[in-house]
Amino acid sequence: MSKKLLGLVLLSILLLHQAGNAQTSMINVYGRNSTILNGQWETIIDPFDVGIGWRAIYKDAKATGKTDFVEYSFEPANTLRVPGDFNSQLPELTYFESSVWYKKTFDVVPGKNERLFIHFGAVNYVADVYFNGKKLGRHEGGFTPFEFEVTDLVKEKDNSLIIRANSSRVKNGIPGSLFDWFNYGGITRDVHLVRTHRVFIDDYKIQLDPNDKGRITGYARLNSELAGKQIAVDIPELKIREKITTDSKGYAAISLKRNIKLWTPEQPKLYPIKLSIEGDSISDRIGFRTIKVNGSKILLNGKPVFLRGVNIHEEIPQKKARAYSEADAAVLMGWAKELGCNFVRLVHYPHNEYEIKLAEEKGLMVWEEIPVYQGIEFADPTVKDKAELMLKEVIKRDKNRCNVILWSIANETGPSKERDKTLIELAKEVKLLDPTRLVTAAFNNVSHHDGKMELKDSVMKYVDVIGVNEYMGWYTDWPSDPEKVEWLSQFNKPMIISEFGGEAVYNNKIDSAVKASAWSEEYMANIYIKQLKMFKTIPFLQGVCPWVLADFRSPYRMQSTYQKGWNRKGLLSDQGDKKKAWYIMKAWYEQLKN
Ligand code: GCB
């Protein structure tokens, strides 16, 4: 074989092996014709990650007869639950950060003219997907959906779906290699087998016209560029039963005038809708609202709104596990409602759809964020591409959720040439992808001098709402008496205090307001009392989010007396007990409601 030919062969093998990196997936699998593939999946734990190399676990070898020698094979006795992080399912996996291989076998009888897709809600952090012996592709990023088509590969019996889920922290990953939360690995969200017609509605956007409260606007788009296809739009409660027709791009615009009851936190009205074309349909529940800024105000449906928020990690502390189900979402959003919130900051990565949807039902506005977090490697050019893809994935997924009002592009990143350039480009990208929502980022570099706090990071110019994380009374001293701290801004924009707080172990009574006896509930409560005093004086403050709803696990927090592997800044303990600071926050929020 000539050198050139050999080169081409090797390249094609490489491409085949890495083929089909997942693109953004179809939206709203929950509203489509699909079968859930959740359950117990066979697994092989692969600490040294040899399954992708010489052990070739993806080949799914089985020993036949007594003399055949296969070291790595799936066995029905070794299973883990999908969805669910693997760390919380076996004691030996508690701090495991490498590959677990999963296998699911299933039968499927495809209908005539049907297409089949395997859709993953999320796999943390890298997923390599194999189906009936063929590599379908790879997805990087632990918190966003992806899918692969399997129409031409399915058999009626014994389809084999194999996934390598690798949770190693990656220096140029998103997040990077250090972060303050638990690195739950595995197939952490639902897996669906989605059935569509040959031609189906891949994407749609239905919302209130930002400039006309009596008009619904948007579009529906087919998976292929087919002109002249009719799409029916049904919103029974508004007596809408319209037919729209696709153009040569497979795109059809929606514009309908109606008398619409708007979505608000107090009355979170959602309308059942259905989109259908011949052989295919998709259902959703959609709310209508506008969200804008005007000077330093945030306007919901044209009226100023103060965001009574709380930060939430996707974790159920009592279970020491990643939250993944409708029931888990009910726990987290139930707590936020009980606290008196109208807003939740879902940190520091896109959370599952159950949470976003339940928040929408309960009247909670949402800040969504991608894990561009602290020590991220901005100097590596692939980081920006990864961040951009992640933004595309989450915006595509959640753009019909009216409660999502803020897309956050970063949390606590120190200014540098590369960081500024990347964040400015990401902010612009969000505006292109979704001009109807607000872009934000959480900054922690407010400069302070002479008792004054001043917003002047150059990236702040490019966001609509400035998030500020400050830990006065905990990581930093108070610059002066709380009510005397003067906040200055070079920008005529709203600010949210996106984090504040301190740590306390529930029921730790070492009394006193001095730092030496920190970790007591009193000390933490005192920080809250002072913070609220300061908040009342900041003219451009339009919302606050205490850090954090509940104590959360973090291998970053191994202090051996109090933390023991937990970040203890929760308003709730790791068992869901209310600390003193909870009651202080709740009382203020109740007061703000009236
Ligand atoms: C922060 C980070 C958050 C941490 C928190 C803390 O500023 O944004 O992820 O967990 O502080 O507890 O230090």
Side-chain angles (χ1 to χ4, degrees), residues 124 142-143 169 173-184 309-315 317 322-323 332 344-351 367-376 387 406 408-415 419 423 440-448 453 455 457 459 463 465-477 495-506 515 518-519 521 523-525 527-528 531 543-559 562-574 579 581-582 585:
N124 190 32
F143 303 95
R169 281 166 294 123
I174 300 186
S177 45
L178 214 58
F179 43 87
D180 189 14
W181 66 84
F182 200 89
N183 186 26
Y184 290 111
V310 70
N311 283 290
I312 303 183
H313 264 301
E314 192 181 43
E315 180 183 73
R322 175 74 72 229
L332 297 174
V344 286
R345 176 173 176 235
L346 301 182
V347 289
H348 281 298
Y349 37 77
H351 287 215
W367 160 318
E368 284 211 67
E369 183 159 299
I370 56 166
V372 171
Y373 181 87
Q374 290 182 359
I376 197 129
L406 286 158
S408 168
I409 53 171
N411 179 74
E412 299 193 350
T413 53
R419 171 276 208 173
L423 292 192
T440 189
F443 298 86
N444 64 331
N445 55 330
V446 175
S447 72
H448 44 95
M453 304 292 292
L455 309 186
D457 188 310
V459 174
V463 298
V465 174
I466 299 168
V468 169
N469 298 351
E470 52 84 6
Y471 282 90
M472 289 178 209
W474 187 253
Y475 294 126
T476 60
D477 291 336
M495 175 178 82
I496 299 175
I497 296 288
S498 35
E499 289 179 26
F500 68 96
E503 287 189 60
V505 174
Y506 173 66
K515 183 109 185 180
W519 310 97
E521 280 206 51
Y523 188 86
M524 177 183 175
I527 292 177
Y528 274 73
Q531 289 279 356
V544 302
C545 292
W547 185 262
V548 54
L549 178 64
D551 288 357
F552 62 94
R553 293 175 77 205
S554 173
Y556 203 58
R557 305 284 171 179
M558 300 310 281
Q559 193 266 4
Y562 301 112
Q563 292 180 321
K564 299 178 179 163
W566 292 80
N567 183 315
R568 300 279 181 198
K569 296 190 188 73
L571 294 170
L572 300 168
S573 75
D574 57 19
K579 299 183 194 170
W582 164 282
M585 229 31 240

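In this chain, residues are counted from 1 in sequence order. As the structure is a prediction and not an experimental result, all values here were calculated from the model. Both ligands and their constituent atoms are indexed starting at 1 by order of listing.
- Of all protein heavy atoms, the one lying nearest to atom 5 (C) of ligand 1 is Tyr471 OH, 3.3 Å.
- The atoms of ligand 1 that sit less than 4.0 Å from any heavy atom of Asn469 are 8 (O).
- The pair Glu314-Arg322 meets the salt-bridge criterion, since a charged nitrogen lies less than 4.0 angstrom from a carboxylate oxygen.
- Residue contacts with ligand 1 for Glu503 are absent, since no atom lies close enough (heavy atoms, distance under 4.0 Å).
- Of all atoms in ligand 1, listed by their number and element, those nearer than 4.0 Å to a heavy atom of Tyr373 are 2 (C), 3 (C), 4 (C), 9 (O).
- The nearest heavy-atom contact from the protein to atom 7 (O) of ligand 1 is Glu412 OE2, 2.2 Å.
- A salt bridge is absent between Glu499 and Lys569: the closest approach of a Lys/Arg side-chain nitrogen to an acidic carboxylate oxygen does not fall below 4.0 angstrom.
- Residue contacts with ligand 1, taken as heavy atom pairs separated by less than 4.0 Å, do not involve Tyr556 at all.
- Here atom 3 (C) of ligand 1 lies nearest to His348 when heavy atoms of His348, Glu470, Gln374 are compared.
- Side chain of Arg568 to backbone of Glu503: no donor-acceptor contact under 3.5 angstrom is found.
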Please determine whether side-chain contact (heavy atoms from CB on, under 4.5 Å) holds for the pair Val372 and Leu423, giving the CA-CA distance in whole Å, both sets of side-chain angles, and the decisive distance to 0.1 Å. CA-CA 9 Å; Val372 171; Leu423 292 192; 4.3 Å; yes
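- Below 4.0 Å from some heavy atom of Phe552 lie the following atoms of ligand 1, by number and element: 10 (O).
- Remark: the backbone N or O of Pro546 is paired with a side-chain donor or acceptor of Asn311 at under 3.5 angstrom.
- The closest protein non-hydrogen atom to atom 13 (O) of ligand 1 is Tyr475 OH, 2.5 Å.
- Listed by number with element, the atoms of ligand 1 under 4.0 Å from a non-hydrogen atom of Asn567 are 6 (C), 10 (O), 12 (O).
- Contacts with ligand 1 closer than 4.0 Å are made by no heavy atom of Asn444, backbone or side chain.
- Ligand 1 has a nitrogen or oxygen under 3.5 angstrom from a nitrogen or oxygen of Lys569.
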Stepwise ring-ring contact (aromatic ring centres under 6.0 Å, His included) test for Trp582 and Tyr528: CA-CA 9 Å; Trp582 164 282; Tyr528 274 73; over 10 Å; no
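- With a 4.0 Å heavy-atom cut-off, ligand 1 is reached by no atom of Trp181.
- Between Tyr184 and Phe182, the ring planes are tilted. Angles from 30° to 60° get that label.
- Remark: minimum distance from atom 4 (C) of ligand 1 to any protein heavy atom is reached at Asp180 OD2, 3.3 Å.
- Between Asp551 and Lys579, at least one side-chain N (NZ, or NE/NH1/NH2) sits under 4.0 Å from a carboxylate O, which counts as a salt bridge.
- The closest approach between a heavy atom of Asn411 and any atom of ligand 1 is below 4.0 Å.
- Geometrically, Arg169 does not engage Tyr556 in a cation-pi contact, judged by NZ or CZ lying under 6.0 Å from the ring centre and within 45° of the ring axis.
- In this structure, Arg557 is part of the shell of residues with a heavy atom less than 4.0 angstrom from ligand 1.
- For Phe179, no heavy-atom contact with ligand 1 is shorter than 4.0 Å.
- In this structure, Trp181 and His313 have tilted ring planes: the angle between them lies in the 30° to 60° band.
- Counting only heavy atoms of the protein, atom 1 (C) of ligand 1 lies nearest to Glu499 OE1, 2.8 Å.
- Between the side chain of Ser408 and the main chain of Glu368, no donor-acceptor pair closer than 3.5 Å is present.
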